[in-house]
Amino acid sequence: MLDMKLLREDIDRVKKGVSARGVEIDFDNFVFLDKKRRLLIKEVEQLENKRNTGSKELGKLKQEGKEDQPVKIQLELKTISEEIKKLNENRTRVETELRDFALTIPNIPHRSVPYGNGEDNNVEIKRSGEIADLDFEPLDHVELGKSLGILDLDRAAKITGARFSLYTGAGARLERSLINLMLDLHTEHHGYTETLPPFMANRESFIATGNLPKFEDDLFKIEGLEYYLVPTAEVPVTNIHRDEILAEQELPVKYAAYTPCFRKEAGSYGKDARGIIRQHQFNKVELVKLSHPEESYEELESLLEDSASVLELLELPYRIVTLCTADLGFSSAKTYDIEVWVTSERKYREISSCSNYEDFQSRRANIRFRPKGGGKPRFVHTLNGSGLAVGRTVVGILENYQQSDGSVIIPKALIPYMGGIERIEKSESR
RNA sequence: GGAGGGGUGGCCGAGUGGACGAAGGCGCCGGUCUCGAAAACCGGUAGGGCUCUUACGGGCUCUCGUGGGUUCAAAUCCCACCCCCUCCGCCA
């Protein structure tokens, strides 16, 4: 959520930021309601003041035992109280409406974000790793997974449905090894605290991160409860410190968390229908930071490095792009995507998204810190990035490390996690 | 699922109708003392909203889990909901 003060005092900046995203929002009603709100507050508080002082005097009179005057005053005060109640109902209505509106306004892009009206305007800032020069026709991860007997999408569809996956044998081991490697890397070398949060979260938590109220259609909701399956660990982990005031010395707070992620992928029918690129359930290791506002953009750069280091370690070719204004997520002020090379498609595909939300989420979540010398609490900046999406990492490994005989070599760094397995070879399919 | 207890400031904890935004302690900040620090002592220290002010800061108002109700007046009484704890039952 944006700062109400900003909306009031510099609405042009908000309008500019929103339109850079290619979003149309009508602010006229907001301006009107905001004025109305302040008028109502003034009115209510004047009456409250009258009631409070009167009430105090009345209390004194009663204690002094003067019973005759009080009755009249009492009646007067009662009338005031009733009026206050009526006005307050109005005020609540207006304030709710204002908040509901404010919750649907996206974040303002950071000034360093390139302007653009679509994916094509994203700016590549780095390319890394060697793309293998194959002297054979590469298979895609589905064919590889099937022939190696490690990925069974047909049976997953039987068990649950489309867009679910079933790993077996070395495939399941691969997925688990990657999770372990990522968590170890980030906790032991990058200073993140490992967390294992709930895989469902309540409505408030989702509002705090900006997933609700706007994106309900993307979430799996638990029937009969106001709980939703998490679409990313960002939701539960960012909410760890909701409604808390941290000490400045604690910043930055850094968490790494593994969770499965559940997404309806509404509106993406037919998109990436093949393979495990786009699933209703996938595993992800997520990095979350709560940062000092003045340091959040440095923190974003180091987050990006932490994230990319997984691909470095696995020796997978990747590139980094800065998302343009139109491609930015709702809550984000700036986002870098890391994309891994997918051999069969001959293109890079998103495997991590690293964002600075500034105080957009922390204002919703009410996460603050107290400045060192004392003084008013300030909102932290929140950041997060995948470190990495595990299923897509498997795609990257299978496709980039495939050999002409159909086997797949395991990246060196991963071998210890694979119990010494150096290569996945064809086996009898069941 | 059954029975009981409880949710108060950054934290712990007292407070059963008016002078309570709230004792006391811890923590934090400032000061005295010290070469310096610790200890001791003295003082300060909740958050939100509206508003005034160039600023320093001030005024009003709301907030004691959340939402309603009673009352001139609610942390305190009543109702509903949420959450936590203890015991019993069931269970990975």
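Letters A, B, ... mirror the listed sequences (proteins, then strands); counts begin at 1. No experiment lies behind these values; they were computed from the predicted model shown.
For B/U45, the OP1/OP2 oxygens have no side-chain nitrogen or oxygen of A/Lys376 closer than 4.0 Å. Contact annotation: A/Asn52 does not reach the phosphate of B/C60 (side-chain N/O to OP1 or OP2, under 4.0 Å). For A/Arg368, no side-chain nitrogen or oxygen approaches OP1 or OP2 of B/G47 to under 4.0 Å. Applying the 4.0 Å criterion to OP1 and OP2 of B/G59, one finds that A/Asn49 has every side-chain N and O outside that range. One finds no side-chain N or O of A/Arg370 lying less than 4.0 angstrom from the OP1 or OP2 phosphate oxygen of B/G27. Remark: A/Ser81 is in phosphate contact with B/A73, judged by side-chain N or O atoms under 4.0 Å from OP1 or OP2. At B/C72, one or more side-chain N or O atoms of A/Lys78 fall inside 4.0 Å of OP1 or OP2 (strictly under the cut-off).
Both A/Lys372 and A/Arg51 lie close to RNA chain B; mapped to their nearest nucleotides by heavy-atom distance, the more 5′-ward contact belongs to A/Lys372. Annotation: of the two residues near RNA chain B, A/Leu77 and A/Thr92, the 5′-most nearest-nucleotide partner is A/Thr92.
Between the CG atom of A/Leu75 and the P atom of B/C72 there is a distance of 8 Å, rounded to whole Å. A/Glu43 has its CD atom 16 Å from the P atom of B/U61, to the nearest Å. In this structure, A/Phe379 places its CZ atom 8 Å from P of B/G48, rounding to the nearest Å. Taking atom CG of residue A/Leu225 and atom C1' of nucleotide B/C83, one finds them 14 Å apart after rounding to whole Å. Between A/Glu48 atom CD and B/U51 atom P there is a gap of 15 Å when expressed in whole angstrom units. In this structure, the CZ atom of A/Arg91 is 13 Å from the P atom of B/U61, given to the nearest Å. The separation between A/Asn88 atom CG and B/G49 atom P is 17 Å, rounded to whole Å. For the pair A/Leu47 CG and B/C60 C1', the interatomic distance rounds to 13 Å; values are reported in whole Å.
Among the protein residues, A/Lys5 comes within range of no part of the nucleic acid, since none of its heavy atoms lies under 4.0 Å from any strand. In this structure, A/Arg8 reaches the sugar-phosphate backbone alone: every heavy-atom distance under 4.0 Å involves primed, P, OP1 or OP2 atoms, never a base.
Going from the P atom of B/U45 to that of B/U34 covers 28 Å, rounded to whole Å. Spacing of C1' atoms, B/G43 relative to B/C35, comes out at 26 Å, to the nearest Å. B/G24 and B/G69 have their P atoms separated by 35 Å, given to the nearest Å. Straight-line distance between the C1' atoms of B/G27 and B/G9: roughly 12 Å, to the nearest whole Å. The separation of B/A73 from B/G65, taken at their C1' atoms, amounts to 23 Å, rounded to a whole angstrom. If you take atom P in B/U32 and the same atom in B/A37, they sit 11 Å apart, rounded to whole Å. Only the P atoms considered, B/U63 is 14 Å distant from B/A22, to the nearest whole Å. B/G18 and B/C12: their C1' atoms are spaced 29 Å apart (whole Å).
A salt bridge (Lys or Arg N to Asp or Glu O under 4.0 Å) check over residues 239-255 of chain A, counting only residues at least two apart or in different chains, returns the pairs A/Glu204-A/Arg242.
Under the Watson-Crick or G-U wobble criterion, with both distances below 3.5 Å, B/A14 has no partner in any strand shown. For B/A92, there is no paired nucleotide, since no Watson-Crick or G-U wobble pair has both relevant distances below 3.5 Å. With both pairing distances under 3.5 Å, B/C41 is matched to B/G31 as a Watson-Crick or G-U wobble pair. The nucleotide B/C56 finds no pairing partner, because no Watson-Crick or G-U wobble arrangement with both distances shorter than 3.5 Å includes it. Remark: B/A80 base-pairs with B/U66; criterion is Watson-Crick or G-U wobble with both hydrogen-bond distances under 3.5 Å. Across the strands present, B/A73 finds no partner; the criterion is a Watson-Crick or G-U wobble pair with both atom distances under 3.5 angstrom. When both distances must be under 3.5 Å, the Watson-Crick or G-U wobble mate of B/A22 does not exist.
With hydrogens and angles disregarded, a donor-acceptor distance shorter than 3.5 Å links the side chain of A/Gln279 to the backbone of A/Ser165. For A/Ser302 (side chain) and A/Glu299 (main-chain N/O), a donor-acceptor pair under 3.5 Å exists by modelled atom type. Without hydrogens or angle criteria, A/Asn202 side chain to A/Ser205 main chain gives a donor-acceptor distance under 3.5 Å. Using modelled atom types, no side-chain atom of A/Arg155 and backbone atom of A/Leu166 make a donor-acceptor pair closer than 3.5 Å.
Taking only distance into account, the side chain of A/Glu244 never meets the base of B/G10 through a donor-acceptor pair shorter than 3.5 Å.
In the set B/C72, B/G10, B/G49, the nucleotide with an atom closest to the side chain of A/Ile245 is B/G10. Proximity note for A/Gln74 (side chain, C-beta onward) versus B/C50, B/G10, B/C72: the nearest is B/C72. Taking only side-chain atoms of A/Arg37, from C-beta outward, the nucleotide of B/U61, B/U51, B/G49 with the closest atom is B/G49. Distances were taken from every side-chain heavy atom of A/Tyr227 (C-beta onward) to each of B/C60, B/C72, B/C83; the shortest belongs to B/C83. Checked against B/C62, B/U51, B/G18, the side chain of A/Ser55 finds its nearest nucleotide in B/G18.
Of the listed residues (A/Ser291, A/Ser331, A/Ser362, A/Ser355), just one forms a side chain to side chain contact (heavy atoms under 4.5 Å, CB included) with A/Thr382, and that residue is A/Ser362.
For A/His292 and A/Phe369, the distance between ring centers is under 6.0 angstrom.
Using the six-membered ring where Trp is involved, A/His190 and A/Tyr192 have ring planes that are perpendicular, over 60° apart on the 30 and 60° scheme.
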